[in-house]
Amino acid sequence: MHNSNASLAVGKDKPIQKVLAALEAAGCNPQPTQDGQWMALCPAHDDHKPSLSIGEGDYGRALIHCFAGCLNKDVVAALALKLADLYPPASRRGVPKRLRQGPKPAPTPEAAVADLIRKWGQPSVRYPYRDARGKLVAVVFRWNVDGEKQIRPVRRARGGWLPGMPEEPRPLYRLPEVLEADVVHVVEGEKCADALAALGRVATTSIGGSNAARKSDWEPLRGKRVVIWPDNDEAGRAYGQVVARLCHDAGAAEVRIANLAAVWPGCPEKGDVADLLAKDKTKGKRYTLKLLKRAAAEAPPWEGPQPGEAESAAPPWRPFPVDVLPEPFRGFVQQVAESNDGCDPSYVAVPLLTLIAGCIGNRREVEIKADRREPAVIWSVVIGSSGTAKSPALKAVAQLLDPIEQEWHKQYRQALARWQQSQGSSRKSR
Ligand SMILES: [Zn+2]
């Protein structure tokens, strides 16, 4: 067999190396070309002059093309490879090893916040979050630092503990008890849940503050009777509405929103269940339970979202912030919007962001936190009334790639012509 091992020295476990080695083994004699690629006899058809081009694409992907028209799947099958062999493992595409690994997990939840313990001392409270089987999956630590509340969650990850929220959907607080209960009280914050639990009630809350309720898994409340205890302020009432909706959608048998202020004359702004318990300590557990029972009984069943509520719950429409785009994109968006009867700039900017992200591909990632990276993947949908110039705007964006596509197509046609020429001379010489 012809020895072209020198040309195969392109990295030990790269897909292109695998393909070249398979071609070599199949007697297809891959040879380097002037333009940094390889040509070989195609194993999928009766080939006498090399018809198969082999090259390397983005992220170490192997590119193959039979000019005689064989399908790639037939070519790889003839080499006893799979199409997947043309791609490097997904987790390794373009991401350096150091970044892939992220920070090393700590052996315990406390060790994951060791830096903060050195800075702030021992946390004042530690709230455990467990999965349905009772396994500890997250811990929320709380410190009081110069009168200010500092909260840091840690989560089980990669065989240890890392700072950050548990994966979504996140478990509810005291989940194993919630699963066993018929009636579940939902409050804002672990402190209130613990206060109700101390009274023998099953109480829960969502991790991550009142704005993150949607990120928790409310499915465990299916079939249960739920009483929600909002804090006595606007944010609390908003949380109560969101949670009521989530419990309702999860299939709770009944959802009520209690009004603490109704049974607690003089309930302060931001007052919550824990405050009531602390205040009524002197009057005893029985008295407090009676108050809470009354509040729960007086709360009317939540009837589901009122007509029009869904719309008002959506954030208001805001114009696309074209000015945050760098040039040349800002000018492009403005120009296209103007030349399309002044269509909304978002019709241009949104698909443009998706197109730019596609061009970046996996070459770059944004490191949001020490252990979290996001590739440039943007899915976008443009919604607008018909006749408002959505399509012309989209077309103007898509056309940005035309010169590149034309250039690549030109290169392809040239390579094809070279191949056809070689086939012709082969016929003549035969
Ligand atoms: Zn072929």
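Counting starts at 1 for both ligands and their atoms, in listed order.
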Salt-bridge contact E110-R126 (side-chain N to carboxylate O under 4.0 Å): yes
Residues in side-chain contact (heavy atoms from CB on, under 4.5 Å) contact with E234, at least two apart in sequence or another chain: R237
Total protein N/O/S atoms whose distance from the Zn ion (ligand 1) is less than 2.8 Å: 4
CG on L63 to CD1 on I16, rounded to 0.5 Å: 8.0 Å
salt_bridge(K270, D231) N-O dist < 4.0 Å: no
Within 6.0 angstrom of N211 CG, more than 12 heavy atoms from elsewhere: no
Side chains of W38 and S53, donor plus acceptor under 3.5 Å: no
